[in-house]
Structure formats: structure tokens, C-alpha cells
2 protein chains.
Amino acid sequence: MPASEVPDIVIGRLPIYLRALDYMAQEGREIISSRELASYLGISSAQIRKDLSHFGGFGKQGTGYHVQYLREQLIRILNIDREWPVALVGVGHLGSALANYQGFLHRGFRIAAIFDSSPSKIGTVVGGLEVLPVERLGETLRATGIKIAMIAVPASAAQEVADMLIEAGVRGILNYAPITLSVPDGVHVQYIDPAAHLQHMTYYLGRNGR
Amino acid sequence: MPASEVPDIVIGRLPIYLRALDYMAQEGREIISSRELASYLGISSAQIRKDLSHFGGFGKQGTGYHVQYLREQLIRILNIDREWPVALVGVGHLGSALANYQGFLHRGFRIAAIFDSSPSKIGTVVGGLEVLPVERLGETLRATGIKIAMIAVPASAAQEVADMLIEAGVRGILNYAPITLSVPDGVHVQYIDPAAHLQHMTYYLGRNGR
DNA sequence: TAGATTGTTAATCGATTAACAATC
DNA sequence: TAGATTGTTAATCGATTAACAATC
């Protein structure tokens with residue numbers, strides 16, 4: 001298992017490289033050098049070459065990287081040469097937006113089950129799917145083998161939902177609630193917290209926006 | 001300017017510490033040790049103490065940190081002891097969700113202007129604000145002194161919108177479009193790309209979700 | 001006081017960068 | 001071939017951790 005030795009920070013950059021390659025492919029580029037990709041992403045070319053070298057040699061000396069070939073390799077490495085069904089819990093403004101977002105589809109994911117606890121939402125159709133009561137979360141996830149979920153419920157309910165998801169076999173959680181989740185080993189959590197990003201920026205903007 | 005020496009990675013953790021302290025305060029905690037905070041966040045206590053030491057000594061030996069006091073200090077350091085008006089460009093599903101999101105308010109931000117290019121959206125009211133045509137972006141931002149913006153338009157329009165925002169004086173951009181933006185020095189960009197986070201997780205889940 | 005925890009230093013660890021031989 | 005760029009090694013840089021004196 002050479003995979004487990006690759007630093008997590010490197011893994012986190014692979015989707016960014018893939019996203020850039022998608023863009024390059026769309027622009028009609030067939031070949032790209034690490035120097036050009038680095039310039040586009042605002043990082044060093046050495047970092048790109050080093051990151052990729054963890055998985056093999058995908059380029060040609062003197063030429064660069066074949067865009068489509070490297071795309072395919074990254075897709076394989078990231079295990080998205082398949083479509084992952086994803087569960088969504090919480091159908092407020094944000095949950096609805098996620099359910100209707102088309103951007104997941106061409107990047108390996110499809111929302112396949114949606115849950116909420118509110119009687120006013122249960123039974124409605126959002127993003128083409130019927131909203132199910134959270135009581136049916138366990139059976140549904142186990143039946144469909146869903147391993148990934150997105151949490152879009154209030155912070156006060158997020159930990160409880162996470163516990164249910166994990167109990168139902170979920171191994172990866174994308175958490176939109178502004179709270180740190182407690183999860184057992186082997187469960188991967190990623191956080192989306194736009195306010196935290198804004199606060200990161202205001203540090204540099206100074207008290208008065210300079 | 002001691003601030004500029006503090007590593008960016010440290011700055012990025014401060015909002016997470018603040019978020020945890022908000023939670024602790026809500027739980028009624030008055031004092032917390034670096035050890036307990038670290039356990040809650042899943043990091044080391046030494047890291048928390050080291051990070052905070054860049055800005056001063058906020059704790060008491062033998063006791064720990066006063067939750068409210070440390071909160072106030074982080075709020076001051078992050079320059080959110082004021083309310084930042086934020087512009088939102090793009091009122092699709094995601095933009096609407098952001099416009100209606102209440103979570104920004106108690107964390108230092110208020111959406112103060114909303115723009116879209118679609119005639120069907122211009123003039124409608126979203127999140128209590130009238131949607132303005134992008135043509136009025138420049139004048140509006142300059143008049144209000146808005147320095148921060150969120151981009152929620154399709155990837156194909158994001159760079160153009162970013163250029164307009166920067167031209168209008170924006171210094172911080174939270175970009176939801178899955179594309180890397182090209183910006184001049186002094187403009188801060190943060191990215192929100194949920195699909196990238198999901199791809200990060202599928203690397204570890206293996207080809208079959210293990 | 002005794003016990004506990006901070007703030008800080010020094011050591012360790014890991015990531016990034018520079019440089020270049022290999023090679024297309 | 002000559003020119004260009006990769007893949008990789010070694011050096012540098014920076015971040016994390018361990019440890020403990022200071023001190024509440």
C-alpha cells in the first residue's frame with residue numbers, strides 16, 4: 001500500500017490539479033508543462049512534479065504532460081473513475097442549493113438520497129428526489145451502500161446526524177455545520193465554513209479594510 | 001507590524017479556535033485549558049499555545065484560558081470587532097442560499113448588496129435585498145465601501161466578475177466557482193469547492209468504499 | 001503550599017524548493 | 001542534434017511537538 005505514505009496535504013492538492021486540467025482540456029490544450037500549470041495555480045512547478053511523482057511518472061521530458069492522460073490518472077488515483085452516490089441531510093436553503101447543484105455530476109458524485117426531520121419538508125421533491133424522514137436514514141443508506149454524506153443541518157443537530165450516518169456505514173462526511181464533529185477512526189470529515197474563510201481574509205484587510 | 005510575520009497557516013486556524021470558543025461559551029464554559037480545546041478540535045495542545053503566543057499571553061498558568069476573554073481577543077485580532085458589509089454576485093440556487101444564510105451575522109459579516117446579470121432575477125428581492133444588475137456593481141461598491149465579495153456565478157463568468165470586483169475596490173474574495181482566479185497582489189482569495197473535498201475523501205475510501 | 005497549566009525554547013519532523021542528470 | 005522539461009535528490013525552509021521553567 002504505497003498510497004498510505006503519501007502526505008495528506010498532497011492528496012488535498014490533487015483535486016485542484018484535476019480541476020485545472022479540466023479547465024485546460026476545455027480550453028483545447030493537449031499538452032501542458034508543470035511550469036505553466038504552476039503559473040496558473042500560483043504555486044511552484046517543483047511542487048507539482050514532486051506531488052505527481054508520488055504516484056508515478058506521468059510526463060515526458062522535454063515536453064510536459066498530456067492533459068487528458070494526466071486527467072485520467074488523477075481520476076483513477078482519487079477513485080472517481082466511478083460515480084459515488086451521496087446522501088444529503090438537511091433541506092434548508094443550503095441543502096436545497098446542494099440538491100440542485102449540477103457541478104457534482106461530472107466530478108464523480110450524485111446525490112442519491114435526501115433526508116430532513118421537518119414534516120413540512122418530508123415528502124416534497126427537491127432536486128428530483130423525494131425528501132425522506134431521517135428515521136429512514138439507516139435503512140436507506142444500508143440498502144443503497146452509500147458511503148458519503150453531506151450534512152446541511154443546524155449546528156445543534158449536526159453531531160447527532162453524524163452519529164446516525166456513521167452508524168449507517170458512512171465513511172466520509174462533508175460537514176456544512178459550523179461545528180467540529182467527533183468521529184471514530186476511519187471516518188473522514190471535511191469542513192465547509194465560509195464565515196471562517198471570510199475571517200481569515202479580514203485578518204489581512206485590517207480593521208478598516210485598508 | 002508583528003502581524004505580517006505570523007504564518008498564514010496559523011491565521012487560518014484562528015477562526016476555528018474562535019468557533020470552538022463560541023461553542024464552549026454557549027455550553028456555559030467559563031474556563032478552558034489548551035488540552036481540552038485541543039482534544040475537542042483533534043489537534044495538539046502545544047499547537048494551540050504556540051499559535052496564540054504569536055499574539056500574546058492570553059491564559060493563566062495553572063488555570064487555562066478565560067473563554068470570553070480569549071474570544072474577545074481573537075475577534076479583535078481577526079478584525080471582526082466590527083461588521084463587514086459583503087457583496088454577493090450570482091443569485092442561483094447557491095447565491096440564494098447564501099443570501100438567506102443567517103450564520104454570517106454573528107460572525108462579523110452582513111450581505112449588503114446582491115448582483116446578477118439575468119433580467120429574470122434583477123429587481124427581485126432575495127434575503128431582504130433587491131437584486132441589482134451587475135452593471136451597477138462598480139458604483140454601488142465604491143459608494144458603500146464594500147471590500148469583501150462572494151462569487152456564486154458559473155465558472156465561465158467568475159474571472160470576469162472578479163476583475164470587476166477588484167476594479168471596484170474589493171480586497172477579499174470568497175470564490176464558489178470551481179476555477180482558480182487570477183488576481184493582483186494585495187487581493188485575497190479563498191476557495192469553496194465541495195467537490196474537491198469529496199474527491200479528497202474518496203482517495204481514502206478506496207475504489208469500492210472499502 | 002501543592003498542583004496544574006501556560007508560554008517558550010529547543011529538537012524533531014515534514015514539506016517545499018533548488019538544482020541537475022536523465023531523456024524525450 | 002539542440003532545446004526543453006521531467007523526475008529525483010539533496011538542501012533549505014518552516015511547522016509541529018516535546019519538554020520544562022515560570023507562575024498562577
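Values reported hereafter were calculated over all heavy atoms of this structure, with side chains retained and with hydrogens, waters and symmetry mates removed. Below, chain A is the first sequence line, B the second, and so on; all start at residue 1. Since we're looking at a predicted model, the values are computed, not measured.
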### Query
Parallel, tilted or perpendicular: which describes the rings of Y23(A) and Y40(A), with under 30° parallel and over 60° perpendicular?
parallel

Do [X] and [Y] have side-chain N/O donor and acceptor atoms under 3.5 Å apart?
X       : Y      : answer
Y204(B) : D8(A)  : yes
D51(B)  : Y17(B) : yes
S45(A)  : R49(A) : yes
H106(A) : D22(A) : no

### Query
According to a 3.5 Å limit on both distances, what stems of 3 or more consecutive Watson-Crick or G-U pairs are formed with DNA chain C?
C:3-24 with D:3-24

Calculate the interatomic distance between [X] atom [atom1] and [N] atom [atom2]; express it in whole Å.
X      : N       : atom1 : atom2 : value
K60(B) : dA4(C)  : NZ    : P     : 19 Å
I31(A) : dT5(D)  : CD1   : P     : 12 Å
Q61(A) : dC24(C) : CD    : P     : 6 Å
L70(B) : dT5(C)  : CG    : C1'   : 14 Å
I48(B) : dT8(C)  : CD1   : P     : 16 Å
H54(A) : dT9(D)  : NE2   : C1'   : 13 Å

### Task
Output the distance between atom NE2 (H197(B)) and atom OH (Y191(A)), rounded to the nearest 0.5 Å.
12.0 Å

### Most 5' of R35(A) and G62(B) on DNA chain D, judged by nearest nucleotide
R35(A)

### Worked check of side chain to side chain contact (heavy atoms under 4.5 Å, CB included) between L78(A) and L18(A)
CA-CA 10 Å; L78(A) 291 168; L18(A) 178 56; 4.2 Å; yes

### Message
Does dT5(D) have its OP1 or OP2 closer than 4.0 Å to a side-chain nitrogen or oxygen of S34(A)?
### Response
no

### Message
Counting only side-chain nitrogens and oxygens, does Y65(B) get under 4.0 Å of the OP1 or OP2 atom of dG7(C)?
### Response
yes

### Message
So, using side chain to side chain donor-acceptor pair (under 3.5 Å) as the criterion, who are the partners of T180(A) when residues are at least two apart?
### Response
R19(B)

### Message
Base, sugar-phosphate or nothing for S45(A)? Non-hydrogen atoms, less than 4.0 Å.
### Response
nothing

### Test side-chain contact (heavy atoms from CB on, under 4.5 Å) applied to I75(B) and Q73(B), R71(B), E72(B), the passing residue
R71(B)

### Query
What string of B, S and - do you get for nucleotides 13-20 of chain C 5' to 3' if you count protein non-hydrogen atoms under 4.0 Å?
--SBBBB-

